[in-house]
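Notes for the one structure printed next.
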Amino acid sequence: MTIAIGTYVSFLTLAGSETGYRFQNFHAKETRTFQGSTYLFAGFGFSGGTLDLAAANISASIVFAANELDLNIFKQVADLRYIAQVNTVWLDPETLNETSTFGEEIYQVTGFEHDSSRVQLRLGSPLDAVGADAPRRTLTQLLVGSLPSTGSITLN
């Protein structure tokens, strides 16, 4: 049995607004329409994360080929902590047309690294973990803004 899988990725602001950064990785040199939006071709690889019952997240990432334009785009994506919406689809192996959606995942871009050949976006959960044994997030000025000098925070 032959299977083929394709990936669509779009980046949204933290407020959920479109950024216009939408890519697909299986129709070279073509644009594709998926769920009413247009996606440009970009050679990239996606490695999804999983959660177990103890909320241990295995890291997720998206790796793109590096060039000057990509570096500028993905530096902005990481600096502004955009949301990455990743849709994985089953493809007909002969036509590469979508037959169904395999999964939809949502991540927050938490950083990036690059070298002369690739750009890797680190992905994490856009939501705080909840549960008694889940690690808590550290509040930073980037996440919550400036706190008044007269304010206090209590974590239960």
Side-chain angles (χ1 to χ4, degrees), residues 3-52 55-130 134-147:
I3 62 169
I5 297 173
T7 307
Y8 290 100
V9 62
S10 60
F11 295 97
L12 307 169
T13 66
L14 280 174
S17 301
E18 288 283 336
T19 64
Y21 299 143
R22 293 187 295 271
F23 307 100
Q24 53 91 10
N25 69 350
F26 52 94
H27 283 280
K29 300 180 183 176
E30 292 183 28
T31 58
R32 300 288 293 178
T33 300
F34 179 72
Q35 296 180 344
S37 296
T38 302
Y39 290 75
L40 301 174
F41 173 76
F44 67 88
F46 167 67
S47 168
T50 60
L51 293 174
D52 64 17
N57 190 11
I58 298 170
S59 66
S61 66
I62 302 174
V63 178
F64 290 87
N67 61 48
E68 190 172 334
L69 178 61
D70 285 352
L71 286 176
N72 290 330
I73 289 172
F74 297 124
K75 181 178 184 332
Q76 175 187 8
V77 166
D79 287 349
L80 297 177
R81 302 176 65 85
Y82 283 171
I83 301 297
Q85 183 173 344
V86 181
N87 288 281
T88 308
V89 295
W90 294 113
L91 305 171
D92 179 309
E94 293 183 21
T95 64
L96 294 182
N97 289 325
E98 300 88 355
T99 58
S100 62
T101 299
F102 175 72
E104 181 177 322
E105 299 171 72
I106 297 176
Y107 298 96
Q108 183 173 32
V109 177
T110 59
F112 84 116
E113 292 89 30
H114 67 88
D115 58 26
S116 61
S117 63
R118 66 187 193 114
V119 176
Q120 178 176 348
L121 295 175
R122 290 189 315 266
L123 307 175
S125 172
L127 303 174
D128 285 336
V130 291
R136 293 181 181 252
R137 291 179 78 177
T138 301
L139 295 178
T140 65
Q141 189 171 355
L142 179 65
L143 290 174
V144 298
S146 298
L147 296 174

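Starting from 1, each residue takes its place in the sequence as its number.
When side chains are defined from C-beta on, Gln24 counts as touching Phe41, because their heavy atoms get closer than 4.5 Å. Counting heavy atoms from C-beta outward, Tyr107 and Leu121 have side chains that stay 4.5 Å or more apart. Inter-residue side-chain proximity for Thr31 and Arg22 is flagged as unmet; no heavy-atom pair is nearer than 4.5 Å. Counting only heavy atoms from C-beta outward, the side chains of Ile83 and Gln108 approach each other to under 4.5 Å.
Of all heavy-atom pairs spanning Ala66 and Arg118, the tightest one is CB-N, 3.4 Å. Contact between Ala4 and Pro93 at its shortest, heavy atoms only, is CB-CA, 4.2 Å.
Taking the six-membered ring where tryptophan is involved, the planes of Tyr82 and Tyr21 are tilted, since the angle between them lies from 30° to 60°.
Rounding to the nearest 0.5 Å gives a distance of 6.5 Å between CG of Leu91 and NE2 of His27. Once rounded to the nearest 0.5 Å, the distance linking CG of Asp70 with CZ of Phe23 reads 7.0 Å. Once rounded to the nearest 0.5 Å, the distance linking OG of Ser47 with CG of Leu123 reads 9.0 Å. Of the inter-residue distances, the one linking Asn25 atom CG with Tyr39 atom OH reads 12.0 Å to the nearest 0.5 angstrom.
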Ile5 and Phe46: CA distance, side-chain angles, deciding distance, side chain to side chain contact (heavy atoms under 4.5 Å, CB included) verdict: CA-CA 11 Å; Ile5 297 173; Phe46 167 67; over 6 Å; no
May I have the step-by-step check of side chain to side chain contact (heavy atoms under 4.5 Å, CB included) for Leu80 and Thr13, ending in yes or no? CA-CA 8 Å; Leu80 297 177; Thr13 66; over 6 Å; no
Check the pair Glu18 / Leu12 against side chain to side chain contact (heavy atoms under 4.5 Å, CB included), numbers first and verdict last. CA-CA 5 Å; Glu18 288 283 336; Leu12 307 169; 3.8 Å; yes
Output, in order, the C-alpha distance, side-chain angles, deciding distance and verdict of side chain to side chain contact (heavy atoms under 4.5 Å, CB included) for Val109 and Phe11. CA-CA 9 Å; Val109 177; Phe11 295 97; 4.0 Å; yes
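Phe26 and Tyr8 have their aromatic ring centers within a separation under 6.0 angstrom. Aromatic rings of Phe64 and Phe74 (six-membered ring for Trp) have centroids within the 6.0 Å cut-off, being under it.
In the displayed structure, Phe112 atom CZ is contacted under 6.0 Å by more than 12 heavy atoms of other residues, nucleotides or ligands.
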